[in-house]
Amino acid sequence: KIRTRIIFNKSEKQENKNKRISLSEIRYLPEKYSSPLAVNIYGDKVAIILWSKENPFAVVIKNKEIADGYRKHFEIMWKISKN
């Protein structure tokens, strides 16, 4: 039972209406900011994932300062995203 905050592209809003994502708070950014990258921040780790059909790729960085920096970036995006 982990609570999450997720930022999706606006184009995924309709898809998410049909799904139940419990314990998650979701916001959306305009399509022009769309990217195949996902960034997961947890503890002192950051996972950067490229969701490519041909060659999916992930990098996990374990560093408190980097995780804190990504959290600050996420907070800015969270403030400008819409419900």
Side-chain angles (χ1 to χ4, degrees):
K1 295 187 176 186
I2 298 173
R3 294 192 179 276
T4 60
R5 292 189 299 162
I6 304 169
I7 301 173
F8 285 116
N9 297 319
K10 191 174 183 178
S11 65
E12 298 178 65
K13 192 170 188 173
Q14 189 61 37
E15 290 178 34
N16 292 332
K17 281 186 177 184
N18 300 326
K19 297 177 186 175
R20 284 190 181 247
I21 304 176
S22 61
L23 301 175
S24 294
E25 190 175 349
I26 299 171
R27 293 196 180 174
Y28 299 89
L29 284 172
E31 188 62 31
K32 69 181 180 179
Y33 299 113
S34 175
S35 171
L37 285 177
V39 178
N40 298 329
I41 309 160
Y42 51 100
D44 63 351
K45 296 181 184 133
V46 177
I48 303 167
I49 306 160
L50 172 62
W51 291 109
S52 166
K53 289 182 182 179
E54 302 83 38
N55 191 20
F57 183 78
V59 175
V60 177
I61 302 169
K62 183 178 179 183
N63 181 284
K64 183 181 180 340
E65 289 81 12
I66 291 174
D68 289 344
Y70 269 92
R71 273 190 195 86
K72 289 178 184 179
H73 178 76
F74 178 88
E75 291 302 328
I76 291 168
M77 291 178 55
W78 187 257
K79 286 181 182 180
I80 64 170
S81 58
K82 308 284 184 199
N83 290 338

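Bear in mind that the values here come from a model prediction, so they are computed numbers and not experimental data.
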> If you group Ile, Leu, Val, Met, Phe, Trp and Tyr by side-chain heavy-atom gaps below 4.5 Å, do Ile66 and Ile49 land in one group?
Replying inline: no
> Is there a path from Leu50 to Val60 through hydrophobic residues (I, L, V, M, F, W, Y) whose side chains come within less than 4.5 Å of each other?
Replying inline: no
> Minimum heavy-atom separation for Trp51 to Ala38, with atom names?
Replying inline: NE1-CB, 3.6 Å
> So, for Glu54 and Pro56, which heavy atoms are closest and what is the spacing to 0.1 Å?
Replying inline: C-CD, 3.9 Å
> Going through the checks in order, is the salt bridge (Lys or Arg N to Asp or Glu O under 4.0 Å) test met by Asp68 and Lys64?
Replying inline: CA-CA 6 Å; Asp68 289 344; Lys64 183 181 180 340; 2.8 Å; yes
How long is the gap from [atom1] on [X] to [atom2] on [Y], to the nearest 0.5 Å?
X     : Y     : atom1 : atom2 : value
Ile7  : Ile26 : CD1   : CD1   : 11.0 Å
Leu29 : Phe8  : CG    : CZ    : 11.5 Å
Ser24 : Ile2  : OG    : CD1   : 10.5 Å
Leu37 : Ser52 : CG    : OG    : 10.5 Å
Asn9  : Ser35 : CG    : OG    : 8.0 Å

> Step by step, would you call Lys79 with Arg27 a side-chain contact (heavy atoms from CB on, under 4.5 Å)?
Replying inline: CA-CA 9 Å; Lys79 286 181 182 180; Arg27 293 196 180 174; 5.6 Å; no
With a 3.5 Å cut-off and sequence neighbours excluded, list the donor-acceptor pairs that the side chains of residues 40-48 form with protein atoms.
none

> Between Met77 and Tyr33, does a side-chain contact (heavy atoms from CB on, under 4.5 Å) hold up when you go through it step by step?
Replying inline: CA-CA 11 Å; Met77 291 178 55; Tyr33 299 113; over 6 Å; no
> Do the rings of Tyr70 and His73 sit parallel, tilted or perpendicular, given the 30° and 60° boundaries?
Replying inline: perpendicular
